[in-house]
J.: 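Quick one: the structure is below, and I'll ask about it shortly.
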Amino acid sequence: MLLEGNTANTVGSQTLDLHRTCTKASQIFSSPGESVILNKDAVKYGELIVLGYNGSLANGDKGRRRSRLALTKRLKANGVKPDVIHHISTPLVSKALSNKGHHSISYTLSRSHSVIVEYTHDASTDMFQERAAKWRTPDGLMDGLTTNGVLVMHPTGGFSEDSSPGVWREISVCGNVYALRESRSAQQRGKLVENETNILQDGSLIDLCGATLLWRTTEGLRRTPTLKQLEALRQEINAARPQCPVGFNTLVFPSLAQREVVEKKQPWVYSNCGHVHGYHDWGFRKEKGGLERECPMCRRVGPYVPLWLGCEAGLYLDAGRPTHAFCPCGHVCSERTVRYWSQILLPHGTHAFHAACPFCGTWLTGGHEQIKLIFQGPVD
């Protein structure tokens, strides 16, 4: 995959493995605490944001474990490109691969035929880094897919207020774009999509079969709300002194730093109707297994959950007021942001696709993915 506007600099020539990325990020990515500080003139391509962590990992972003990773141009390119291609019998594969002076990949086409591609240094690319489908291209080169696939989706209309979801595609080892396989690990590749590109653009999603990354360009990040702006929106809501319509106590959204710790004055919502209340312990419906409650305002029955402001600014499409929430998790952000992410079906497992809250990863189920919040008082 390539970076938009930097077509000579690859983001990944073979595969991006987030399971290793999260623990070995400093070996794969230039993190904000390293090259950006060590080299003030470094060119920053943008940032990869891991969906589902709401701005930081559970125990905080420490060392190599981060929820967002900055990509900067290396001082010396470390990319490779195909050089020599060997067509040999399979028993000779191990001998050919024993040469440690060359980086090579072996493709076994049959019991008696293998192709070994030797790679040489490519000064024009940066690399940020298989029983899988493989084939020979019309020009004689080898190509293939990773075992479970590297999937990419480019948004339609960029990542802005007018954005809409694009179509998920699979990227081959050589960077070609294909329609999705019948299942994630099927041996038969999808159809080649010749009129689409692997160049990442602001808002592109990369799915690695277990983790999904959002790519934000440097220019795109400049347009996102800052944490200070999100904090100002939080204070604006609290300054309006919203009240619980039953208990008449004032509700207060907790600070952005106070995550997942329910406070006494925290607002709660009936996610089927949107009425915001303070916490109370009545209204349980036994026929629902005690997991749902009846709203005292409109009598609708549904989940009753605390509200949390979304803290990962890179997921916002705009800096609009936080008036809507994802269901059933209760993460709050602007209306456009909620509507956009509610339309995106993220890959899950080998066959399924589900909409999910980008802040926490909770599935948005039941055809009721988001709700407009109804406050008692001047906030509404």
J.: If you compare all heavy atoms of Ser204 against all heavy atoms of His154, which two are closest, and at what distance to 0.1 Å?
T.: OG-ND1, 2.8 Å
J.: At their closest point, which heavy atom of Pro225 faces which heavy atom of Ala313, and how far apart are they?
T.: O-CB, 2.9 Å
J.: Using side-chain contact (heavy atoms from CB on, under 4.5 Å), reason through Thr120 and Val84 one step at a time and then give a plain yes or no.
T.: CA-CA 9 Å; Thr120 186; Val84 181; over 6 Å; no
J.: Quick one: does His324's side chain get under 4.5 Å of Cys333's, heavy atoms only?
T.: no
J.: Considering non-hydrogen atoms only, spot the tightest contact between Gly320 and Ser334 and give its length.
T.: O-CB, 3.6 Å
J.: Between His280 (side chain only) and Gly278 (backbone N and O only), is there a donor and an acceptor less than 3.5 Å apart?
T.: yes
J.: Can any side-chain N or O of Ser67 pair as donor or acceptor with the backbone N or O of Gly55 at less than 3.5 Å?
T.: yes
J.: Keeping Thr217 on the side-chain end and Gly46 on the backbone end, is there a donor-acceptor pair under 3.5 Å?
T.: no
J.: Tell me whether the centres of the aromatic rings in Trp363 and His354 are closer together than 6.0 Å.
T.: yes
J.: Do you see a donor-acceptor pair shorter than 3.5 Å between the side chains of Ser172 and Asp143?
T.: yes
J.: Donor-acceptor pair, Arg66 side chain versus Leu69 backbone, under 3.5 Å?
T.: no
J.: Can we say Arg321 and Glu335 salt-bridge, meaning some charged N sits less than 4.0 Å from an Asp/Glu carboxylate O?
T.: no
J.: Quick one: pull up CZ in Arg234 and SG in Cys311 and give me the separation to the nearest 0.5 Å.
T.: 10.0 Å
J.: For the atom pair OG (Ser160) and CG (Asp202), what is the distance rounded to the nearest 0.5 Å?
T.: 9.0 Å
J.: Is there a side-chain contact between Pro155 and Gln201, using heavy atoms and a 4.5 Å cut-off?
T.: yes
J.: Is there a side-chain contact between Ile374 and Tyr270 in this structure, where contact means two heavy atoms from C-beta onward sitting under 4.5 Å apart?
T.: no
J.: Hey, does the side chain of Thr337 reach the backbone of Leu317 with a donor-acceptor pair shorter than 3.5 angstrom?
T.: yes
J.: Compare every heavy atom of Leu373 with every heavy atom of Pro322, then report the nearest pair and how far apart it is.
T.: O-CD1, 4.5 Å
J.: Report the distance from atom CG of Leu151 to atom SG of Cys209, rounding to the nearest 0.5 Å.
T.: 8.0 Å
J.: Around Gln343, counting heavy atoms of other residues, nucleotides and ligands shown, do more than 12 lie under 6.0 Å from its CD?
T.: yes
J.: Taking Glu196 for the side chain and Val193 for the main chain, is one N or O donor matched with an acceptor at less than 3.5 Å?
T.: no
J.: Working to the nearest 0.5 Å, report the span between CG of Leu315 and CG of Asn54.
T.: 7.5 Å
J.: For His121 and Lys81, work out which heavy atoms get closest and say how close.
T.: O-CE, 3.9 Å
J.: State whether Arg189 and Glu170 are salt-bridged, where the test is any N-O pair (Lys NZ or Arg NE/NH1/NH2 against Asp/Glu carboxylate O) under 4.0 Å.
T.: no
J.: Go through Asp318 and Glu161 one step at a time and tell me if the side-chain contact (heavy atoms from CB on, under 4.5 Å) criterion holds.
T.: CA-CA 7 Å; Asp318 63 357; Glu161 299 178 7; 3.7 Å; yes
J.: What do the steps show when you test Trp168 against Val152 for side-chain contact (heavy atoms from CB on, under 4.5 Å), and what is the final call?
T.: CA-CA 6 Å; Trp168 283 101; Val152 171; 5.6 Å; no
J.: Using the rule that two of Ile, Leu, Val, Met, Phe, Trp, Tyr join whenever any of their side-chain heavy atoms come within less than 4.5 Å, decide whether Val167 and Leu346 are in one cluster.
T.: no
J.: Does Tyr279 belong to the same Ile/Leu/Val/Met/Phe/Trp/Tyr cluster as Val262, with side-chain heavy atoms less than 4.5 Å apart forming each link?
T.: yes
J.: Dump the intermediate steps for side-chain contact (heavy atoms from CB on, under 4.5 Å) on Phe326 and Trp341, then the final yes or no.
T.: CA-CA 9 Å; Phe326 289 101; Trp341 286 105; 3.9 Å; yes
J.: Considering only heavy atoms from C-beta outward, does the side chain of Thr224 approach that of Thr226 to under 4.5 Å?
T.: no
J.: Output yes when a side-chain donor or acceptor of Asp83 lies under 3.5 Å from a complementary backbone atom of Glu118, and no otherwise.
T.: no
J.: Within a strict 4.5 Å, meaning less than it, do heavy atoms of the Arg339 and Gln370 side chains meet?
T.: yes
J.: When clusters are formed by joining ILVMFWY residues with side-chain heavy atoms under 4.5 Å apart, either directly or through shared neighbours, do Met297 and Val276 land in the same one?
T.: no
J.: Can you tell if the side chain of Val177 reaches within under 4.5 Å of the side chain of Thr197, non-hydrogen atoms only?
T.: no
J.: Under a 4.5 Å side-chain heavy-atom rule over Ile, Leu, Val, Met, Phe, Trp and Tyr, are Val305 and Val252 clustered together?
T.: no
J.: Quick one: do Arg169 and Asp207 make a salt bridge, cutoff under 4.0 Å?
T.: no
J.: Any salt bridge linking Glu294 with Arg300? Criterion: basic side-chain nitrogen under 4.0 Å from a carboxylate oxygen.
T.: no
J.: So, the side chain of Gln266 versus the backbone of Glu263: is there a donor-acceptor pair under 3.5 Å, distance only?
T.: yes
J.: If you measure from OG on Ser271 to CD on Glu292, what distance do you get to the nearest 0.5 Å?
T.: 7.5 Å
J.: Distance-only, no hydrogens or angles: does the Arg216 side chain make a donor-acceptor pair with backbone N or O of Gly314 under 3.5 Å?
T.: yes
J.: Should the pair Lys228-Glu231 be classified as a salt bridge under the 4.0 Å nitrogen-to-oxygen rule?
T.: no
J.: Same cluster or not: Leu221 versus Leu227, using hydrophobic residues (I, L, V, M, F, W, Y) connected whenever any side-chain heavy atoms lie under 4.5 Å apart?
T.: no
J.: Has Trp215 got a side-chain atom pairing as donor or acceptor with Ile49's backbone, closer than 3.5 angstrom?
T.: no
J.: Measure centre to centre between the rings of Tyr340 and Phe159, then say whether the value is under 6.0 Å.
T.: yes
J.: Please determine which of Trp308, Phe375, Tyr304 meets the ring pair (Phe, Tyr, Trp, His ring centres under 6.0 Å) test together with Trp268.
T.: Tyr304
J.: Considering non-hydrogen atoms only, spot the tightest contact between Arg184 and Pro347 and give its length.
T.: NH1-CB, 3.5 Å
J.: Quick one: does His277's side chain get under 4.5 Å of Pro245's, heavy atoms only?
T.: yes
J.: Tracing side-chain links under 4.5 Å among I, L, V, M, F, W and Y, which residues wind up in one group with Leu145?
T.: Trp135, Tyr178, Leu192
J.: Could you check if a side-chain atom of Thr212 sits within less than 4.5 angstrom of a side-chain atom of Ile206, using non-hydrogen atoms only?
T.: no
J.: Rounded to the nearest 0.5 Å, how far does CG of Leu309 lie from CD1 of Ile237?
T.: 6.0 Å
